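Comments concern the structure below.
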Amino acid sequence: MATMNSKRHHVYSRRTLLRGLGAGAVLLSPFVRHRMSLAQAAPAGNLLIFFTPNGHIKDEFDASGQGATFTLKKSLAPLESLKQDLTVIRGLTLKTTTEVNSHDDIVRMLTCIEGPDKAKGYGPSLDHVIGNQLGLRPLFVNPEPNRSSGHWRNALSWRTSGEQEPFLTDPNAVFTSLFGGGTMPSGGMPDQALERAKARNKSILDFVNADIETFRGRINSEDKAHLDLYLDSLRDVEKRVTGSGGPVGGGGGVCAPDTLKSKLAALPMTPEQKDDQSPAGMAEDLRKNGEMMVDLISAGFACGTQRVASILWQGASEGLDPANNLGSPNHHSVSHSSDIDSWKKIDTWYAERFAYTLNSLKAVNMLDKTIVVWVTEIAQGHECGDFVHVVAGGQALGFKTNQHVLYPFKGNPGDRNVLKDPANKSLANLWVTIQNALGVTSDTFGDPMYCDGPLTELKA
Amino acid sequence: MARPRQLLAAPLLSATVALAAALSGCQADITGNSGDLGQTPPNQTPGNTNGGSKDNVPEPTDWFGAVQQADCSAQSALSRTRIRRLSTAQWNSTVTQALGSAPTGPAFPDDLLSSSTGFNTDADLNKVNVLLANAYFDAGESLSATAAKAAMQAHTCLAAGAKDASCAAELVRDCGAKLFRRPLTDAEVTRYGGFLTAQAALDPAETAVASTLRVMLLSPNMVYLTELGTSQAGEVALTPYEQASLISYTIADLPPDAALLASAQSGKLNDANERASHAERLLQTPSARAKYADFWDQYLPLGDLRGATGVDATLAAAVEDETHQYFDQIVWQNRGSFRDLMTAPYTYGSAALSGIYGTLTPGQNGQSMLPAGQRSGFLTQAAFLFLPEEASVPHKVVHRGLVVRSRMLCQKPPPPPANLMPTASDLQPLGADATPRESFAAFQTSKPGCAACHNNFQPIGLAFEQFDNMGRFRTTYPSGKAIDTSGDLQGAGDASGPYKDAVEVAQHIGQSKIGEYCFNKQYAEYALGRHLNASADACVIRAASDLQENTPVQRLAVVLSDIEARTHRVHN
């Protein structure tokens, strides 16, 4: 019975992957046409959100100095060679926490709207705000989840109020999402039969779309969201199974996804993580799977098949300790223990992954056209004030890099009322800056009460 | 079909679940007439309610008081019409029954866990998201190939006449009725039949049939369980086929079988005896048992011993097996009640359990008698008591106390105030060498603001101090200090009162109405896929208990499915 997520379904043969690659230009669905027209209107650019859990030890996860004269501290040392491509920002604050500002504010980190249910996002997250503007569905990936989509610990990306975006965990599925293929007919099928299979899939989905609209006439108006989401999800299915999601070009980078296939085939089979008692020895798998995801995202950006993506390395308030290669005590337990050294080592381990990410984008000539932002759900203790963010790339989009920006923070960040103090700079301002660079012209984000416009320090 | 255990410790500790604010205690009640199932209940007729929907009824401050005081002889607010996406278990059983072959291939994504009810059945939360839509499409593609072959044999006209409207209609009527759990309307036969004939013009007949089955598998008529009646605005009765589906899926996660559909067709499901006979039949299926086991897995916030530091794999498996066997035996062999689950002086399972419990004496019918006076029901079983070695002492005490207060008494403490999140060291102001009771007394003095709320659950956690992290019984701490587990359970309705240890806490709750109603409420939230409002749903919560004191747990499914099937809805 299909009740559990099992790992790694290699359902996509190499041949089907190859088949999917060339198909996109032939059958463009209305959805993709829409995307292209908007993409031409907006400045070409991409967003990659890089999430790691449990905050950081800010003493060393920061920079000293200010402005262009700055030195990366120890935990960020892996980024030394990329210093000219990034900005370290100290002092931003999430204003819209729930009653207790804590790990569950992962739900509000990219939405910036308060609400009574701690596990619910009350509005689209940054990736979807931008995706909506560009007419595309953002990609959300998780290289090694403790928990399946839907749990608040993983609830970073929100399609709309109350609708979490589920993440992909299988790199093959990520490839399919970016470059088509998937369960397209395979096995030496002649082109004519392949085209018929795509057309058949299209007929099936067209009929189901009409069927849903007929059904809509019978339902309670309060259940409208059920059918809206189903229709929305079927558009994604269509892109995959009619081959309309292939490379459309225009990404502006080195578009060569074929080069990733041997790496895809060599991925590890990873044992299941379990809440707080995952096995030791999984850090290397996390690294390989995560870096594969990053390379796929870079390729998607370079080829222009995707422009907005988020990678959630581990969920909030949990996660492996990759630096010590342990499942237990996990990253969250380490952050509550007196083992500060291990916590710093975890920060460094993720800084190495962040460096890998920037280099991956550079390798396909996309870093200057991509804004990469490192996000976590709490700053250091259980508080959502006085964060350290690393924002990288985006120079071609007007982003200023090679600097340390300091926003002074007043008061105890553990106090929710202090977070709301207008003297403390809102995180939503960073999201406005990013959305503006990617074609969303609005000068506010989330709850407008807690947003006062873009961060001028980030503009070149 | 074991589900992954959800350790509730961290969510409960962060305790930010919004509670219903103090609202006016409107004593609304609803239909759900709790008459004996053997007699015909008064079916509602349009126009005899106050016309309100449950959605408009505020949550009471005192949920137990509201349930106790509800007047269940009066009519009141109705639930709204709704659609529910079939759960994965329901989708699988429906497809298996309709097409004669079980789905294979990649697993579907997990159904989503509700932060409000703690179960993965919530109808609002569980929609068809992008992962599931893709999974439905792929499953349909792989299933339909075999199913189309079978359909070609069952409908011999297809080989030559798939393009023929009457032959297409024959297939569509047959398969549609099975997948949609109701006969198709003429308009539907025309639409789906038209798709088949159009496809047959482009593809071989078998492929066209497969495409038609794929369309039906993706149809909203397949994907959603409906409670819509005629979909006319205002109060509506459910259709007989909706009644049949509700009875079957609520009890056993199965689609209505031929016997139920026949009763629906002949209009007999408005008869309580007819409904009861189907319900009793369904209750005997393995699926009904599996569904109860799934409820139990989600209801109990269990620690996961597998892979925990210092825990032997055999013992971990024995402890996990114990809780499943215990529930299964009490519910099905003993026809036991919530009281039995909470107070049994025995358990079931392997001899390996003596590694935790000490000497187990064989009792009747496979029971293992626990050492006298040490334990009472599942609150004192290892699977419930276990916490990882690295969990701090305050974590353990707070966790155990919070679970009892929120899960056994349905009283979720409010979240900590904005700037008061106590840390582990706040909870141990005298240092790690102090006993938890000494720590708590000092915490009450040093953090009176925090203690005002912690008083509601932390003392309950202290009652469990006679059990270590593994659930082994002890009377002193390693330091030699004696363990005092006594206390006074307060604000817990008829379970309130002084106790000397965890055994008495379990007995107070197990013998109380508040405990029984709380269990009923949570079972109903699981089975009906929605949060229950203690005012609007008071009589749903009470229904089974009003029929029979210490109602057997297995009656809950029967009583609830009957209420669901016979009660009207409000459509808008």
Side-chain angles (χ1 to χ4, degrees), chain A residues 1-6 9 11 98-100 102-104 116-119 137 148-152 163 166 183 196 200 203-204 207-208 211-212 215 217-223 225-227 229-230 233-234 236-237 240-241 274-277 279 317 328-329 333 336 382 412 414-417, chain B residues 1 3-5 7 10 14 16-18 80-83 85 88-89 92 103 106-110 112-113 115-116 127-134 137-138 141 195 199 202-203 211 214-215 218-221 223-224 228 231 304 306-309 388 390 415-419 421 424 571-572:
Chain A
M1 200 178 277
T3 54
M4 298 283 294
N5 272 328
S6 55
H9 301 290
V11 293
T98 187
E99 288 87 350
V100 180
S102 187
H103 294 286
D104 45 55
D117 185 345
K118 69 158 188 170
R137 180 177 210 115
S148 53
S149 290
H151 198 284
W152 66 264
E163 292 303 335
T183 59
R196 174 63 201 135
R200 187 183 301 121
S203 303
I204 288 169
F207 187 93
V208 173
D211 205 14
I212 291 171
F215 187 76
R218 294 173 53 207
I219 67 164
N220 191 306
S221 55
E222 292 185 40
D223 279 335
H226 273 280
L227 301 187
L229 187 67
Y230 192 12
S233 301
L234 287 175
D236 191 84
V237 176
R240 178 172 66 92
V241 302
K274 294 192 306 177
D275 295 358
D276 298 320
Q277 288 129 31
S317 192
S328 177
S333 303
H336 277 276
H382 278 155
N412 168 15
D415 185 335
R416 188 165 175 255
N417 301 319
Chain B
M1 206 177 63
R3 297 195 54 77
R5 302 284 182 187
L7 249 187
S14 63
T16 51
V17 177
R80 68 170 175 86
T81 54
R82 65 173 177 166
I83 55 174
R85 196 205 80 207
T88 294
N92 280 327
F108 285 2
D110 288 350
L112 304 183
L113 200 64
S115 62
S116 160
K127 303 190 176 83
V128 184
N129 68 21
V130 63
L131 295 186
L132 192 56
N134 276 287
F137 187 92
D138 293 349
E141 190 176 27
F195 181 80
Q199 290 296 306
L202 300 165
D203 281 330
S211 296
R214 290 168 67 188
V215 155
L218 289 168
S219 168
N221 296 302
V223 168
Y224 300 103
L228 299 172
S231 298
D304 188 348
R306 288 171 300 173
T309 315
E390 58 269 23
N419 54 355
M421 184 69 172
H571 189 75
N572 63 291

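All values derive from a computational prediction rather than experimental measurement. Every chain is numbered from 1, with letters handed out A, B, ... down the list of sequences.
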Pairwise distance CZ(B/R214) to CD1(A/I204) - rounded to 0.5 angstrom: 3.5 Å
Residues in salt bridge (charged side-chain N to carboxylate O under 4.0 Å, His left out) contact with B/D203, at least two apart in sequence or another chain: A/R196, A/R200
Spatial distance of atom CG (A/D211) from atom CG (B/L218) [nearest 0.5 Å]: 9.5 Å
Leading residue by heavy atom contact count with chain A [cutoff under 4.5 Å; candidates B/P220, B/S231, B/S219]: B/P220
Atom group of B/L228 that falls short of 4.5 Å from chain A, counting heavy atoms: side chain
Donor-acceptor pair, side chain of A/N220 and main chain of B/T81, under 3.5 angstrom: yes
Donor + acceptor pair across side chains of A/D117, B/S116 (<3.5 Å): no
Close side-chain approach of A/H226 to B/V223, heavy-atom, < 4.5 Å: no
Euclidean distance, B/F137 CZ relative to A/D236 CG, rounded to 0.5 Å: 12.0 Å
Side-chain touch B/R80/A/D223, heavy atoms, less than 4.5 angstrom: yes
Evaluation steps, side chain to side chain contact (heavy atoms under 4.5 Å, CB included), between B/Y224 and A/I219: CA-CA 11 Å; B/Y224 300 103; A/I219 67 164; over 6 Å; no
Side chain to side chain contact (heavy atoms under 4.5 Å, CB included) partners for B/L112, two or more places apart: B/L125, B/N126
A/Y230, part contacting chain B, at a heavy-atom distance under 4.5 Å: both
Contacting moiety of B/L132, where chain A heavy atoms sit under 4.5 Å: neither
Largest heavy-atom contact set with chain A, pairs under 4.5 Å, which of B/L131, B/L202, B/N134: B/N134
Derivation and outcome, side chain to side chain contact (heavy atoms under 4.5 Å, CB included), residues B/D138 and A/R240: CA-CA 11 Å; B/D138 293 349; A/R240 178 172 66 92; 2.8 Å; yes
Side-chain donor/acceptor of B/D110 to backbone N/O of A/S148, under 3.5 Å: no
Engaged part of A/E222 at the chain B interface, taking heavy atoms whose separation is under 4.5 Å: both
